[in-house]
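Okay, structure first, notes after.
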Amino acid sequence: MALVPCQVLRVAILLSYCSILCNYKAIEMPSHQTYGGSWKFLTFIDLVIQAVFFGICVLTDLSSLLTRGSGNQEQERQLRKLISLRDWMLAVLAFPVGVFVVAVFWIIYAYDREMIYPKLLDNFIPGWLNHGMHTTVLPFILIEMRTSHHAYPSRSSGLAAICTFSVGYILWYGRREREA
């Protein structure tokens, strides 16, 4: 079976996230040397979530291509688990965190750039990398949602998972602020 455009697109998106992450990690900024390093920034966490999500998408596509028509029940069961993980991750982390990061960043940036992305950062982070971290996330995730069918978890389990992630991040970040 030949690759379809959405499968090729997922590989391209995964490679772009890997490139963005590598370029971001190569930047030597003073804030990367403090508590939490890059992990204190929700933008960085979102990039990792998106890269992992699209990595799972690519793995699912490869597994699907390799197991199609094999008749092996165990392989098909493992593929269904992988598809369930992909769908859960989209609904619980990739979409909500991605939309939140893009929307909040650009709203605050439009209101008062210095609050969220001081001009000083222009010396460290090139414009293309800023857009890679704060703009492309939304179109990539919307393209994924439009080109592939996803089975979403129940509302209660999805909300519980995203709330757990959110509270965990706030508690961890709040601890850092108290210690500073």
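Nothing here was measured: the structure is a model prediction, and the numbers come from that model. What's counted below: heavy atoms across the whole structure, side chains too, no hydrogens, waters or symmetry copies.
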Hey, any chance [X] and [Y] share a hydrophobic cluster, counting ILVMFWY side chains that come within less than 4.5 Å of each other, even indirectly?
X      : Y      : answer
Leu138 : Phe44  : yes
Leu21  : Ile27  : yes
Phe54  : Ile20  : yes
Val101 : Ile107 : no
Val137 : Ile108 : yes

Where is the tightest heavy-atom contact between [X] and [Y], given as atom of each residue plus distance?
X      : Y      : answer
Thr135 : Val102 : O-CG2, 4.4 Å
Gln50  : Ala94  : NE2-O, 2.8 Å
Val104 : Ile116 : O-CD1, 4.3 Å
Phe53  : Leu90  : CE1-CB, 3.5 Å
Val92  : Pro153 : CG2-CG, 4.2 Å
His134 : Trp106 : O-NE1, 2.7 Å

Hey, are the side chains of [X] and [Y] touching, using non-hydrogen atoms and a 4.5 Å cut-off?
X      : Y      : result
Ser166 : Ile162 : yes
Met133 : Asp46  : no
Glu144 : Cys57  : yes
Phe41  : Tyr24  : yes
Phe165 : Ile49  : yes
Lys25  : Ser38  : yes

*Using a strict cut-off of less than 4.0 Å between a Lys/Arg side-chain nitrogen and an Asp/Glu carboxylate oxygen, indicate whether Lys119 and Glu114 qualify as a salt bridge.*
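Salt bridge between Lys119 and Glu114, a charged N being under 4.0 Å from a carboxylate O: no.
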
Short question: side chain of [X], backbone of [Y] - any donor-acceptor pair under 3.5 Å?
X      : Y      : value
Gln7   : Val58  : no
Tyr169 : Lys40  : yes
Ser19  : Leu15  : no
Thr60  : Ile56  : yes
Asp87  : Ala151 : yes

To the nearest 0.5 Å, what is the distance between [atom1] on [X] and [atom2] on [Y]?
X      : Y      : atom1 : atom2 : result
Ser64  : Glu76  : OG    : CD    : 9.5 Å
Leu79  : Asn72  : CG    : CG    : 11.0 Å
Asp122 : Phe124 : CG    : CZ    : 10.5 Å
Thr147 : Ile143 : OG1   : CD1   : 7.5 Å
Arg77  : Thr67  : CZ    : OG1   : 13.0 Å

*Taking atom types as modelled, is there a side-chain donor on Ser148 or Arg10 under 3.5 Å from an acceptor on the other?*
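Side-chain D/A pair, Ser148 to Arg10: present.
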
_Hydrogens and angles aside, do Ser154 and Ser157 bring a side-chain donor and acceptor to less than 3.5 Å of each other?_
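Ser157 and Ser154 do have a side-chain donor-acceptor pair below 3.5 Å.
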
*When the ring planes of Tyr117 and Tyr109 are compared, do they come out parallel, tilted or perpendicular, using 30° and 60° as the limits?*
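Tyr117 and Tyr109: tilted rings.
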
*Are His150 and Trp88 near enough that their ring centres are under 6.0 Å apart?*
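For His150 and Trp88, the ring centres are not under 6.0 Å apart.
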
*Step by step, would you call Asn23 with Trp128 a side-chain contact (heavy atoms from CB on, under 4.5 Å)?*
CA-CA 11 Å; Asn23 279 287; Trp128 69 267; 3.5 Å; yes

*Crowded around Phe100 CZ? As in, over 12 foreign heavy atoms under 6.0 Å?*
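Atom CZ in Phe100 is not crowded, with 12 or fewer foreign heavy atoms closer than 6.0 Å.
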
